[in-house]
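Single-structure report; data block below.
Note that these values count all heavy atoms, side chains included, but never hydrogens, waters or copies made by symmetry.
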Amino acid sequence: MNDQRARTSRVPFLPASRRPRVLAGLLAAGLAGLVSLSGCAGARGEGSPAVSGGAEAPAVPATPPERPSGDPSAPATLEQPETQAEPPAPDTKIPRDPAALAAALTRTTALLRDAVDDWRRTGDPAKGQAPEPVVLLSLYEQRIYRHLARNPGVASRTYGKLPKDQAARARDNVTAIRDLLSLAHPVSGPVKFRIEPPEPADVLLDGFRRAGRRFGIDWQVLAAVMLVETKFGRVRSPSYVGAKGPMQFMPGTWKAYGMGGDIEDTTDALLAAANYLHASGAPGDYRRALYAYNHSQAYVDAVLLHARQMKRDIRNYYAYYTWQVYVITTKGERRLSGP
């Protein structure tokens, strides 16, 4: 379901006075989500622009759920039917009631895990893009997490209605997105972001493992950095401060740790990231290493929360792989990738 052609999106832009180093002008939430921040390895801590894969800017906490483009008056409280067997449509409404949210999240997560298992068993994650059920279920789950990140009170009540394991997973994801949202700044003024399909999931997984083994870095940490930075390479534009490539390196840092590779090449970028993290204290002190990568404790926390989820269940990696890119503007948010 991912668009196979490179997509250029025009969104408003407002330079931020402070932006964390590593994210590609996007903020996790689909920026960590979580959203991709616009900074880069080796940069000083700053605010972040608002294109994201996982989260949204705190300046628009009341942003309503996404509405179909042709129906601005559609009610935001419409819920996914309990008996729905097909994956939710891209703009299926997010429930407002905590009990309904918990039910929707529990159902969606179970279906997503089954869809990921089917993909790994009968598909080929080393070739092409994720199948439609995985993409749609992952998008709906991501949108629920984003909604909970914007609404802490609703999130707290929702956790209490979830099974214990599900609540822990939701709390990690929502907290990571909220951390990254705290770094985001809504953009204003025209700007272009180049969005492309990511490399196949198992190709990236192999790259994370190879780079991790070479420098003693957990592959899940590398994957979490790439998730937060560029949504696994979907964001191809340099950040406004000059960070480049799928792991968002500043040219000076790349010169020191890129080992003569191509900053835009995924394999080279993963090796450079592992090299830089190792030189900065990992695996002995991941917090110190990640802080060197992006001078923000919120960024460090978000990366480690996502990495923890991938360590607990590899299916979470495949779910994150299909998280989409959002841009956060002064008028709300817009999804730039996916169905």
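- Under the side-chain hydrogen bond (donor to acceptor under 3.5 Å, both in side chains) criterion, E264 pairs with no residue at all, not counting sequence neighbours.
- Taking the six-membered ring where the residue is Trp, the centroids of Y286 and Y291 are separated by 6.0 Å or more.
- To the nearest 0.5 angstrom, Q142 atom CD is 10.5 Å from Y320 atom OH.
- Look at D117 and R113 and you find no salt bridge, because none of the NZ, NE, NH1 or NH2 atoms lies under 4.0 Å from a carboxylate O.
- A salt bridge links E196 with R194: the distance from a Lys NZ or Arg NE/NH1/NH2 to an Asp or Glu carboxylate oxygen falls below 4.0 Å.
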Discussion item. Walk me through whether E199 and T266 qualify under side chain to side chain donor-acceptor pair (under 3.5 Å).
Written reply: CA-CA 9 Å; E199 295 184 35; T266 299; 2.6 Å; yes
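- Side-chain contact annotation: R169 with Y145, donor-acceptor N/O pair under 3.5 Å present.
- Using a 3.5 Å distance cut-off with no hydrogens or angles, the side chains of T109 and Q166 do pair a donor with an acceptor.
- At a threshold of 4.5 Å between non-hydrogen side-chain atoms, the residues I94 and Y140 count as touching.
- Checked for salt-bridge contact, R312 and D165 miss the test: no charged N lies under 4.0 Å from a carboxylate O.
- Ring centroid separation for the pair W323 and F232 does not come in under the 6.0 Å cut-off.
- Applying the ring-ring contact (aromatic ring centres under 6.0 Å, His included) test to pairs two or more places apart or on separate chains, those with a residue in residues 110-139 are W119-Y318.
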